[in-house]
Amino acid sequence: MLDVRKIRENPDFYRERLARRNSGDDLLIAQVLVLDEQRRKRLQENEALKSERNRTSKEIGAIKSKGGDASEPTARMKLVGDQIAKLDQELATIETEQSDILLRIPNINHDSVPVGTSAEDNRIERVVGEKAEFTFKPRPHWEIGTELGLIDLEAATKISGSGFIVFKGLGARLERALISYLLDLHTTHHGYTEVSTPFLVRGESMQGTSQLPKFAEDMYRVEEAPPLYLVPTAEVPVTNLHREELLSADKLPIRYAAYTPCFRREAGSAGKDTRGLIRVHQFDKVELVHIVTPEESYATLEVLVGHAERVLQDLGLHYRVLSLCTGDIGFGAAKCYDLEVWAPGVGAWLEVSSCSNFEDFQARRMNLRYKNSEGKNIFCHTLNGSGLALPRLFIALLETYQQADGHILIPEPLRPYLGGRKEI
RNA sequence: GGACAGGUGGCUGAGUGGUUGAAGGCACUCGACUCGAAAUCGAGCGUACCCUCUAAAGGUACCGUGGGUUCGACUCCCACCCUGUCCGCCA
């Protein structure tokens with residue numbers, strides 16, 4: 001969420017920066033300003049009335065304690081009370097309207113973010129490794145995986161419908177191995193604290209990390225009172241761990257690594273990437289979350305990307321790093337790098353990680369602050385990145401390490417997690 | 001699910017209709033004492049918003065949350081949430 005006061009001070013800056021996103025959100029600034037004007041006018045009026053009431057009420061108390069007659073001021077304050085009630089009502093309406101709009105305005109992008117209108121305009125930062133060479137035509141993962149009995153997509157459809165996966169035998173084992181491997185790597189080598197959080201969260205948490213109110217249709221909702229949401233990413237429960245907190249400076253930086261399944265309705269994407277495991281409604285992911293001071297958030301973003309890249313390097317996979325442009329970047333992100341791994345079977349780059357700096361956008365929504373050395377309360381900066389998302393990593397491994405005889409080689413780092421196996 | 005107890009500042013803990021933003025204690029900051037430290041003494045020390053020369057001073061709100069009664073609510077009434085203890089049920 002953006003700071004209304006800053007918008008008030010420099011509306012043109014916000015209009016111009018939001019216009020870069022090409023989403024039409026710059027037009028909302030005018031609405032915010034009108035409501036803000038109305039709000040402050042009534043607020044001042046209301047506070048003056050309350051001040052008068054407080055003062056007079058004390059006088060009434062003094063008169064009564066001396067046994068005097070206070071009927072005149074009492075009657076007068078009754079009228080003032082009615083006015084206050086009316087203004088309170090109006091203020092509540094305006095404030096709700098204003099925050100409804102503010103919650104739907106995306107974040108301002110960092111200066112280094114390329115300006116563009118679509119994924120075409122994303123900037124390729126670097127390409128690491130090379131495309132694997134084959135003496136045969138590389139096959140897609142659904143063929144390899146089904147043939148080796150690692151996945152059963154028909155069974156998944158029977159149980160839950162399209163967009164779900166059943167892993168079997170060594171496939172299930174590989175999935176579990178990857179989760180363990182990723183958590184071990186990040187906790188022992190990159191200094192993350194492992195956390196295991198609920199998979200169902202309340203609406204407040206979704207609003208804190210900015211999935212709500214705008215993206216309700218992307219999520220699975222459980223009809224409770226109040227409703228619960230299936231997490232679309234561990235970012236939600238993990239970042240919200242410190243919602244409504246005032247952290248002491250020595251607590252920062254905080255680094256969490258968490259495994260969760262992720263549930264996504266992916267509305268509107270029907271027909272795209274529907275084969276195999278590329279786009280599914282439920283998938284596993286290990287997520288990395290940082291809570292830091294504003295001074296260090298951009299340096300941290302580079303470190304975070306490095307942690308995600310390390311996985312692909314260690315597993316010997318070919319990948320590239322993109323800096324998302326203003327037209328493609330996510331709602332809450334100020335800056336975002338995507339990691340795409342090469343999948344030779346399907347012949348495509350697949351997004352396996354998205355590493356973002358939200359600056360104070362999420363912290364403001366969840367009121368997450370820390371006390372700095374001067375004793376001032378400052379909103380923290382939050383970041384998160386996948387480290388990594390599993391099905392697509394699974395795809396890349398199957399397709400990259402497929403052999404002519406139909407088997408798959410296991411990269412060295414994963415072997416201890418698969419009972420020492422070199423091949424599936 | 002049932003019964004009881006309780007939710008007050010960074011922590012602890014008073015406060016049952018009117019100078020209570022909130023006693024006392026702890027912690028913290030500054031100062032005095034000291035060669036230095038401890039102890040002791042003195043002073044200070046919540047958050048958000050509005051206003052504003054992002055000065056000083058002021059104003060408003062906040063004692064789990066949301067309503068209600070009242071000129072006035074931490075204090076009275078209603079609903080809800082959470083925590084603890086005991087009982088029941090259960091992986």
Side-chain angles (χ1 to χ4, degrees), chain A residues 1-11 13-14 32-99 101-103 196-208 222 224-229 237 240-252 254 291 294 360 363-380:
Chain A
M1 184 159 66
L2 302 178
D3 185 349
V4 205
R5 258 187 309 185
K6 288 186 183 156
I7 294 177
R8 194 191 302 154
E9 282 164 16
N10 199 353
F13 170 82
Y14 284 88
V32 170
L33 290 174
V34 168
L35 288 168
D36 193 48
E37 197 58 41
Q38 294 177 4
R39 196 191 108 244
R40 279 154 60 221
K41 182 164 164 273
R42 280 169 181 72
L43 187 65
Q44 284 168 41
E45 204 179 317
N46 203 20
E47 288 187 351
L49 289 172
K50 283 181 175 171
S51 178
E52 184 188 345
R53 182 176 69 180
N54 287 345
R55 188 164 24 82
T56 309
S57 288
K58 272 182 191 168
E59 287 167 15
I60 292 170
I63 293 168
K64 285 198 171 176
S65 69
K66 288 177 195 150
D69 173 26
S71 56
E72 188 276 325
T74 301
R76 200 149 44 81
M77 285 310 103
K78 198 168 174 59
L79 292 177
V80 169
D82 290 345
Q83 282 185 69
I84 290 171
K86 182 167 158 275
L87 282 168
D88 275 343
Q89 207 40 256
E90 290 178 16
L91 269 169
T93 306
I94 292 169
E95 276 165 14
T96 305
E97 207 178 326
Q98 188 181 36
S99 82
I101 295 173
L102 280 170
L103 287 169
S196 178
T197 58
F199 304 156
L200 284 167
V201 300
R202 323 164 53 131
E204 289 91 324
S205 297
M206 286 293 199
Q207 182 171 298
V222 178
E224 283 290 309
L228 291 169
Y229 297 84
N240 276 286
L241 239 28
H242 296 286
R243 182 152 56 93
E244 300 287 346
E245 285 187 17
L246 177 59
L247 302 167
S248 60
D250 57 22
K251 283 255 175 75
L252 301 179
I254 291 172
I291 300 173
D360 67 5
R364 203 175 279 282
R365 287 173 165 245
M366 62 175 83
N367 196 26
L368 164 56
R369 298 169 303 167
Y370 79 102
K371 199 173 273 295
N372 74 4
S373 54
E374 290 164 16
K376 284 187 71 178
N377 300 337
I378 312 278
F379 285 111
C380 300

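Note that these values count all heavy atoms, side chains included, but never hydrogens, waters or copies made by symmetry. Quick caveat, the model's predicted, so the values are computed rather than measured. Letters A, B, ... mirror the listed sequences (proteins, then strands); counts begin at 1.
- Across the P atoms, B/U47 and B/G10 are found 8 Å apart, a figure rounded to whole Å.
- Protein atom NZ of A/Lys64 is 11 Å distant from nucleotide atom P of B/G72, rounded to whole Å.
- Under the side-chain contact (heavy atoms from CB on, under 4.5 Å) criterion, A/Leu200 pairs with A/Val222, A/Leu228, A/Leu230, sequence neighbours left out.
- Separation of the P atoms belonging to B/G44 and B/G24 is 11 Å when rounded to the nearest angstrom.
- Comparing the same atom, C1', in B/G67 and in B/U52 gives a spacing of 36 Å after rounding to whole Å.
- Closest heavy-atom contact between A/Tyr370 and A/Phe379: CE2-O, 4.4 Å.
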Under 3.5 Å, N/O pairs linking protein and nucleotides 77-81 of chain B:
none

Under the rule of Watson-Crick or G-U wobble with both distances under 3.5 Å, where | means paired to another strand and [ ] a crossing pair, RNA chain B maps to ((((((((.[[[..)..(.....]]].(((((.......))))).(((((.......))))).[[[[[..)....]]]]])))))))....

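- Although no hydrogens or angles enter the test, the distance criterion places no donor-acceptor pair under 3.5 Å between the side chain of A/Arg243 and the main chain of A/Met366.
- Here the separation of B/A61 from B/C4, taken at their C1' atoms, is 35 Å to the nearest Å.
- Contacts of A/Thr96 classified as side-chain hydrogen bond (donor to acceptor under 3.5 Å, both in side chains), with partners at least two apart in sequence or in another chain: none.
- Put simply, the side chain of A/Thr56 gets close to the backbone of A/Glu52: a donor and an acceptor are under 3.5 Å apart.
- A/Asp360 is linked by a side-chain hydrogen bond (donor to acceptor under 3.5 Å, both in side chains) to A/Arg364, counting only residues two or more places apart in sequence or in another chain.
- Among all heavy-atom pairs drawn from A/Gln98 and A/Val32, the shortest one is NE2-O, 3.6 Å.
- Rounded to an integer number of Å, the gap from A/Glu245 CD to B/C11 P is 11 Å.
- Scored by the side-chain contact (heavy atoms from CB on, under 4.5 Å) test, A/Ser57 finds A/Arg53 as partners (sequence neighbours excluded).
- Here A/Cys380 contributes atom SG and A/Asn367 contributes atom CG; the two are 10.0 Å apart, rounded to the nearest 0.5 Å.
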Let me have a per-nucleotide readout for nucleotides 45-65 of chain B, 5' to 3', with B, S or -, counting only protein heavy atoms under 4.0 Å. --SSSSS-------BBS----

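- Using a distance-only test at 3.5 Å, with no hydrogens or angles considered, a donor-acceptor pair links the side chain of A/Thr74 to the main chain of A/Ala70.
- Nucleotides B/A39 and B/A55 are separated by 38 Å at their P atoms, to the nearest Å.
- If you check residues 69-83 of chain A against RNA chain B, the residues with a heavy atom closer than 4.0 Å are A/Thr74, A/Met77, A/Lys78, listed by number.
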Hey, can you pull the donor-acceptor pairs under 3.5 Å for the side chains in residues 75-88 of chain A, sequence neighbours left out?
{"residue": "A/Arg76", "atom": "NE", "partner": "A/Glu72", "partner atom": "OE2", "Å": "2.9"}
{"residue": "A/Asp88", "atom": "OD1", "partner": "A/Asn46", "partner atom": "ND2", "Å": "2.9"}
{"residue": "A/Asp88", "atom": "OD1", "partner": "A/Lys50", "partner atom": "NZ", "Å": "3.4"}

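- Comparing B/G68 with B/A3, their P atoms are spaced 28 Å from each other, to the whole Å.
- For A/Glu245, the side-chain contact (heavy atoms from CB on, under 4.5 Å) partners at least two apart in sequence or on another chain are A/His242, A/Leu247.
- Using atom C1' as the reference point in both B/U12 and B/A91, the two lie 39 Å apart (nearest Å).
- When the P atom is used for both B/A27 and B/C87, the distance is 39 Å, rounded to whole Å.
- Here A/Lys371 pairs with A/Leu246, A/Asn377 under the side-chain contact (heavy atoms from CB on, under 4.5 Å) rule; sequence neighbours left out.
- With sequence neighbours excluded, no residue forms a side-chain hydrogen bond (donor to acceptor under 3.5 Å, both in side chains) with A/Asn54.
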